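Predicted, not measured: the structure shown is a model, and the values here were computed from it. Note on naming: letters A, B, ... go to the chains in the order of the sequence lines (proteins, then strands), and numbering restarts at 1 for each one.
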Number of protein chains: 2
Amino acid sequence: MTPAPKPPMRDTLVAAALQLFTEHGFEQTTVDDIVALAGVGRRSFFRYFPSKESVVFPDHEGCLRRMTEFLADPAGDAADPVDRVNDAARLVLRMYTGDPEFSVRRYELTRQVPALRAHELSVVRRYERTLANYLRARFAARADGRLRADVIAAAVVAAHNHALRTWLRSAASIDPEAEVDHALEYVTATWSDREDGEAADGTGPADDVVVMVARRGTPMWRVVQGVQGVLE
Amino acid sequence: MTPAPKPPMRDTLVAAALQLFTEHGFEQTTVDDIVALAGVGRRSFFRYFPSKESVVFPDHEGCLRRMTEFLADPAGDAADPVDRVNDAARLVLRMYTGDPEFSVRRYELTRQVPALRAHELSVVRRYERTLANYLRARFAARADGRLRADVIAAAVVAAHNHALRTWLRSAASIDPEAEVDHALEYVTATWSDREDGEAADGTGPADDVVVMVARRGTPMWRVVQGVQGVLE
């Protein structure tokens, strides 16, 4: 029988911290307690994590980096801006769903510890700023481009987090992708520039949609003229 | 000559804290430094403020209370839900504009001190939850009511804060009400249930709007039939 491979030191520290925070409370646990359980030195802890809070959220820095890279990729410049930030938000979902058990335990812990909630809020804000900065660039030529960017980024984050919380509260028992797709579809339906008739393969509009607006009392000849002019 | 009336102790503590934080830095200033400058005892500080962070935001608790009361008032039940949360957000604006000089100084300070930014984020989150809970109740009968509530609350907060930051960055030199009205109008235009033709006095629709949707290729007789059926 060969021994199980030793997990990387970073993972050992995260597991030790989560265990101690859950068993003894976040405030009652010191970094010294964590390194003692993990069997490493205090300096090792601070090589990986700037603070006691950050050990509970070990993957956010990597995820923020992936989100920034994803949005900087010129391949996305032709995509609908709202679709693009929705896809960027899905990177966060995938980080959570990559380790459902850890995510659910952390959610339970975070709900009980104000310091962890505050840390999480500051991370969420950084995701939101990353999405908003991308949209500001895409909307640079539009009236109120910065306002639109800030509002849509906040809506994407709120929709994503609504779905993520629903999944976490179900103890990871429902389909997270379906939950997030549904929530982000609400944002897309509100703001996407994508035309309804656009083909799924992105080859362009397959079937134009015409919207005719008239007030009650508009002469019929003018309505028919307007409709005919577009449909012919 | 009579001496100027002594300001309330709470105000004296706030002024002393902001002066010391600005001159010496937030981290370098202790609660003992603040009470020494204010000429009061340490216990007095903690009677008014739970932490060193909260002295910089002395009015948020009162504003959160006013927002909760405003939204609980049954007089608002007949109003459009989005209009109502926009008006609730305006209570926050008025707190900032009530003392422009203090608000601008705090903004400069908060930008530089991560602990204050984190505290501010947690307050903003409480405003957002207050608005979302109100909308959840108003949207209880709707499909996706909770999702809609969370997304619209986030959008209202983002629009309000966009305008508030614009005003603060102008060193309070532009019209804050106009800035916030413009930003919240974007949210209203996106989501309000209020009909376009509704009279301003709320007496009801003055002029119905009819929207006709047709795909290119729809037979003309069917389009005319549909339009006629509604307009007549």
Side-chain angles (χ1 to χ4, degrees), chain A residues 53 114-115 117-125 128 132 143-144 146-163 165-166 179 182-187 190-191 196-197 205 207-220 223-224 226-228 230-232, chain B residues 53 114-115 117-125 128 132 143-144 146-163 165-166 179 182-187 190-191 196-197 205 207-220 223-224 226-228 230-232:
Chain A
E53 283 80 11
R117 275 210 304 282
H119 187 89
E120 190 173 52
L121 279 178
S122 70
V123 173
V124 169
R125 179 71 182 158
E128 190 179 320
D144 286 322
R146 293 167 74 90
L147 171 63
R148 288 176 64 92
D150 286 2
V151 169
I152 295 175
V156 169
V157 168
H160 172 275
N161 286 353
H162 176 94
R165 276 195 305 272
T166 304
E179 200 69 27
H182 179 72
L184 294 178
E185 184 48 49
Y186 176 56
V187 175
T190 306
W191 278 305
D196 275 344
D207 195 4
D208 284 344
V209 173
V210 175
V211 179
M212 167 77 204
V213 181
R215 283 183 188 278
R216 205 182 282 277
T218 305
M220 181 51 65
V223 174
V224 173
V227 173
Q228 237 161 357
V230 179
L231 289 187
E232 274 167 4
Chain B
E53 285 80 10
R117 275 210 305 280
H119 187 90
E120 190 173 54
L121 278 179
S122 69
V123 174
V124 170
R125 179 69 183 160
E128 191 180 319
D144 287 323
R146 294 168 73 90
L147 171 63
R148 288 176 65 92
D150 286 3
V151 170
I152 295 175
V156 168
V157 168
H160 171 276
N161 287 353
H162 176 95
R165 277 195 303 272
T166 305
E179 201 69 27
H182 179 72
L184 293 179
E185 184 48 49
Y186 177 56
V187 175
T190 305
W191 278 305
D196 276 343
D207 195 4
D208 285 341
V209 173
V210 175
V211 178
M212 166 78 205
V213 181
R215 283 183 188 279
R216 205 184 282 275
T218 305
M220 181 51 66
V223 174
V224 173
V227 173
Q228 237 162 355
V230 178
L231 288 186
E232 275 168 2

Side chain / backbone / both / neither for A:Ala118 at chain B, heavy atoms under 4.5 Å: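 Looking at A:Ala118, nothing touches chain B.
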Is chain B contacted by the side chain of A:Ser122, its backbone, both, or neither, given a heavy-atom distance below 4.5 Å?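 Both backbone and side chain.
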Closest heavy-atom contact between B:Ala183 and B:Ala159?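 Closest approach of B:Ala183 to B:Ala159: CB-O, 3.4 Å.
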Heavy atoms only: give me the nearest B:Glu179-B:Ala163 pair and the separation to one decimal.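 Result for this residue pair: O-CB, 3.5 Å.
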Under a 4.5 Å heavy-atom cutoff, which of A:His182, A:Arg117, A:Glu128 has the most pairs with chain B?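 Counting heavy-atom pairs under 4.5 Å, the top option is A:His182.
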I'd like to check the salt bridge (Lys or Arg N to Asp or Glu O under 4.0 Å) partners of B:Glu120; sequence neighbours left out, ordered by chain and number.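 In terms of salt bridge (Lys or Arg N to Asp or Glu O under 4.0 Å), with neighbours along the sequence ignored, B:Glu120 is linked to no residue.
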Can you list, pair by pair, the side-chain donor-acceptor contacts under 3.5 Å of residues 146-153 of chain B, counting residues two or more places apart and other chains?
{"residue": "B:Asp150", "atom": "OD1", "partner": "B:Arg136", "partner atom": "NE", "Å": "3.2"}
{"residue": "B:Asp150", "atom": "OD1", "partner": "B:Arg136", "partner atom": "NH2", "Å": "3.2"}
{"residue": "B:Asp150", "atom": "OD2", "partner": "A:His162", "partner atom": "ND1", "Å": "2.9"}
{"residue": "B:Asp150", "atom": "OD2", "partner": "A:Arg165", "partner atom": "NH2", "Å": "3.3"}
{"residue": "B:Asp150", "atom": "OD2", "partner": "B:Arg136", "partner atom": "NH2", "Å": "2.9"}

Counting heavy-atom pairs closer than 4.5 Å to chain A, which one of B:Asp144, B:Val156, B:Asn161, B:Thr166 comes out on top?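 Looking at each of B:Asp144, B:Val156, B:Asn161, B:Thr166 in turn, B:Asp144 comes out on top.
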